[in-house]
Amino acid sequence: MTDVPTTPRRPMSPMRRLRIWEAHAGVCILCRNKIDGARGVKWTVEHIRPLGLGGTDTDDNCGPAHETCRRAKDRHDVAAIAKAKRRKAKMLGIRKASGFPGGKDSKFKRKMDGSVVLR
């Protein structure tokens, strides 16, 4: 199993934002509606495939998105990235310590009378 490292972000210069805007003709990549930037509609550049899931920080993986659309996608992305990290840790045999005696991952066992013994 090869590791998918998180790609470092490059700076988002005004010229890069303009290139991405023009490449997508000002259409939100998430809802496919036109972004009316002249009326003060907030928009941002969003990665199509998140960096935390192996996406690249190149212009072809970026597109303009409404701020509200981006927030909804970010909630989904954060959950997907966390799940991917949990699955990777499980595949590597890494377990989270339970932190209390008698837990499933503990070397101690709590008996019914309340005493603690080694498993």
Side-chain angles (χ1 to χ4, degrees):
M1 178 168 138
T2 58
D3 186 21
V4 180
T6 302
T7 308
R9 293 178 189 268
R10 293 185 358 222
M12 188 59 66
S13 68
M15 289 305 295
R16 185 174 178 208
R17 279 176 61 97
L18 180 61
R19 274 196 318 268
I20 293 168
W21 172 272
E22 289 175 346
H24 293 276
V27 175
C28 177
I29 60 169
L30 302 174
C31 70
R32 303 290 180 206
N33 291 327
K34 185 83 172 155
I35 300 171
D36 192 4
R39 294 185 188 253
V41 175
K42 293 198 179 263
W43 67 278
T44 185
V45 175
E46 178 66 15
H47 289 93
I48 298 167
R49 181 170 182 183
L51 299 180
L53 292 176
T56 59
D57 192 24
T58 57
D59 290 355
D60 60 331
N61 188 38
C62 294
H66 292 107
E67 190 70 29
T68 54
C69 297
R70 181 196 61 82
R71 285 192 192 120
K73 180 180 179 285
D74 283 351
R75 278 193 300 274
H76 178 267
D77 289 348
V78 167
I81 291 167
K83 183 176 181 179
K85 288 181 180 180
R86 286 192 306 271
R87 294 179 90 187
K88 180 180 176 181
K90 184 177 179 183
M91 293 290 290
L92 294 174
I94 301 169
R95 291 174 132 194
K96 183 179 176 185
S98 65
F100 64 93
K104 190 167 92 172
D105 297 331
S106 174
K107 64 180 179 177
F108 298 103
K109 177 169 79 172
R110 187 177 301 273
K111 296 179 91 178
M112 292 298 286
D113 64 0
S115 62
V116 178
V117 295
L118 287 173
R119 285 195 188 266

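Here the CG-NZ distance, from L53 to K83, works out to 11.5 Å after rounding to the nearest 0.5 Å. Taking CD1 from I20 and CE from M15, the interatomic distance works out to 11.5 Å, rounded to the nearest 0.5 Å. Rounding to the nearest 0.5 Å gives a distance of 11.0 Å between CZ of R86 and NZ of K90.
Residues I29 and P64 are in side-chain contact: their nearest non-hydrogen atoms beyond the backbone lie under 4.5 Å apart.
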Practice task
Evaluate the side-chain contact (heavy atoms from CB on, under 4.5 Å) criterion for residues F108 and L118: first the C-alpha distance (whole Å), next the side-chain angles of each, then the deciding distance (0.1 Å), finally the verdict.
Solution key: CA-CA 4 Å; F108 298 103; L118 287 173; 3.5 Å; yes
Handout entry: Stepwise side-chain contact (heavy atoms from CB on, under 4.5 Å) test for R16 and D59
Key = CA-CA 8 Å; R16 185 174 178 208; D59 290 355; 2.8 Å; yes
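Using modelled atom types, one side-chain atom of K73 and one backbone atom of H47 make a donor-acceptor pair closer than 3.5 Å. The main-chain N or O of C62 is found under 3.5 Å from a side-chain atom of H24 such that the two form a donor-acceptor pair. No side-chain donor-acceptor contact under 3.5 Å links R70 to the backbone of D74.
Looking at every heavy atom in both residues, K34 comes nearest to A25 through NZ-O, 2.7 Å. For the residue pair H66 and I35, the shortest heavy atom distance occurs at NE2-CG1, 3.6 Å. Scanning both residues, C69 and C28, for their nearest heavy atoms gives SG-SG, 4.0 Å.
Residues W43 and I48 do not share a hydrophobic cluster, defined by chaining ILVMFWY side chains whose heavy atoms lie under 4.5 Å apart.
Among I81, D77, D57, the one residue that satisfies the side-chain contact (heavy atoms from CB on, under 4.5 Å) test with L51 is D57.
When the shell of 6.0 Å around CZ of R9 is examined, it contains 12 or fewer heavy atoms from other residues, nucleotides or ligands.
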